[in-house]
J.: 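Before I ask anything, let me first share the structure, which is written out below as structure tokens.
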Amino acid sequence: QVQLVESGGGSVEAGGSLRLSCAASGYDASIKCMGWFRQGPGKGRDWVALINSAHGEEAYVDSVKGRFTISQDNARNTVYLQIVNLKPEDTAVYYCAASRWASTIGYCSRTLLNYDYWGQGTQVTVSS
């Protein structure tokens, strides 16, 4: 079993920056991908950034490219999401998730159902 705990959210003005952290405890040797998802007010939960745990290959949804950076520190069992130039539309609860699934070429799933572990989320609020 793996437990995920997010931190680093908060209220910031547009143009500001935040670094979200996802600390993992427990162990599951089958984990292949880590991801950050978000759920805005009245919206569904969508992926924003993914990283292949073994290869480090990253993926971003188009709306965050150039502003979000996902990274991992395997020694600390922590995944980060660095966010710069925050926009009001980034307001959401941000969730960290871990998946046992990856394609044979290391592609991480964009589908929520393929993620096996989830954190409780951290709120990010961006004011204009």
J.: Tell me whether V2 is reachable from I51 by hopping between hydrophobic residues (I, L, V, M, F, W, Y) whose side-chain heavy atoms are closer than 4.5 Å.
T.: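 Yes.
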
J.: To the nearest 0.5 angstrom, please state how far the CZ atom of R38 sits from the CD atom of E89.
T.: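 Here the rounded value is 8.0 Å.
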
J.: How close do S99 and W101 get, heavy atom to heavy atom, and via which atoms?
T.: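 Result for this residue pair: OG-N, 3.0 Å.
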
J.: Give a yes or no on whether the backbone of Q120 and the side-chain of E6 come within a donor-acceptor separation of less than 3.5 Å.
T.: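 Indeed, once roles are kept as given, a pair shorter than 3.5 Å links the two residues.
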
J.: Looking at every non-hydrogen atom in both residues, tell me the closest pair between A14 and P88 and how far apart they are.
T.: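 So the two residues come closest at CB-CD, 4.1 Å.
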
J.: Under 3.5 Å, side chain of T91 to main-chain N/O of V126, donor-acceptor pair present?
T.: yes

J.: Would you check, one step at a time, whether the test side-chain contact (heavy atoms from CB on, under 4.5 Å) holds for C96 with W36?
T.: CA-CA 5 Å; C96 174; W36 285 96; 4.1 Å; yes

J.: Establish, from distance only, whether the side-chain atoms of Y80 and Q82 form a donor-acceptor pair under 3.5 Å.
T.: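 Side-chain D/A pair, Y80 to Q82: absent.
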
J.: Locate the shortest heavy-atom distance separating I105 from E57; write the atom from each residue and the value.
T.: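 Shortest heavy-atom separation between I105 and E57 comes out as O-OE1, 4.3 Å.
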
J.: Are the side chain of Q1 and the backbone of G26 linked by a donor-acceptor contact shorter than 3.5 Å?
T.: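 Side chain of Q1 to backbone of G26: no pair is present.
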
J.: For G9 and T122, which heavy atoms make the closest approach, and how far apart are they?
T.: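 Distance-wise, the nearest heavy atoms are N-OG1, 3.1 Å.
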
J.: With respect to F37, which candidate in W47, Y94, Y95, Y115 satisfies the ring pair (Phe, Tyr, Trp, His ring centres under 6.0 Å) definition?
T.: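 Only one of W47, Y94, Y95, Y115 forms a ring pair (Phe, Tyr, Trp, His ring centres under 6.0 Å) with F37, namely Y115.
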
J.: CD1 of I70 to CG of L20: how many Å apart, nearest 0.5 Å?
T.: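 Reported value, rounded in 0.5 Å steps: 10.5 Å.
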
J.: Any chance you could lay out the side-chain contact (heavy atoms from CB on, under 4.5 Å) test for L50 and R110, step after step, and finish with the verdict?
T.: CA-CA 8 Å; L50 310 170; R110 279 66 167 151; 3.7 Å; yes

J.: Quick one: does N52's side chain have a donor or acceptor within less than 3.5 Å of a partner on G106's backbone?
T.: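 It does hold such a pair.
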
J.: For the pair S109 (side chain) and T111 (backbone), establish whether a donor and an acceptor sit closer than 3.5 Å, ignoring hydrogens and angles.
T.: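 Answer holds: yes.
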
J.: Which residue, D90, V84, V61, forms the side-chain contact (heavy atoms from CB on, under 4.5 Å) with F68?
T.: D90

J.: Run the side-chain contact (heavy atoms from CB on, under 4.5 Å) test on K32 and C108 for me, step by step, so that the C-alpha distance in whole Å, both residues' side-chain angles and the decisive distance to 0.1 Å come before the verdict.
T.: CA-CA 8 Å; K32 293 181 173 62; C108 292; over 6 Å; no

J.: Search all heavy atoms of Q123 against all heavy atoms of A92 and return the closest pair with its distance.
T.: NE2-O, 3.4 Å

J.: So, D116 side chain and R100 main chain: donor-acceptor pair closer than 3.5 Å or not?
T.: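 Yes; judged by distance alone, with no hydrogens or angles, the pair exists.
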
J.: Treating Ile, Leu, Val, Met, Phe, Trp and Tyr as nodes and any side-chain heavy-atom pair under 4.5 angstrom as an edge, say whether Y107 and I31 lie in one connected cluster.
T.: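 No, separate clusters.
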
J.: Evaluate the side-chain contact (heavy atoms from CB on, under 4.5 Å) criterion for residues M34 and L4: first the C-alpha distance (whole Å), next the side-chain angles of each, then the deciding distance (0.1 Å), finally the verdict.
T.: CA-CA 11 Å; M34 298 293 295; L4 303 175; 4.1 Å; yes

J.: Please find the pair of heavy atoms, one from S17 and one from N85, that lie closest to each other, and give the distance.
T.: OG-N, 4.3 Å

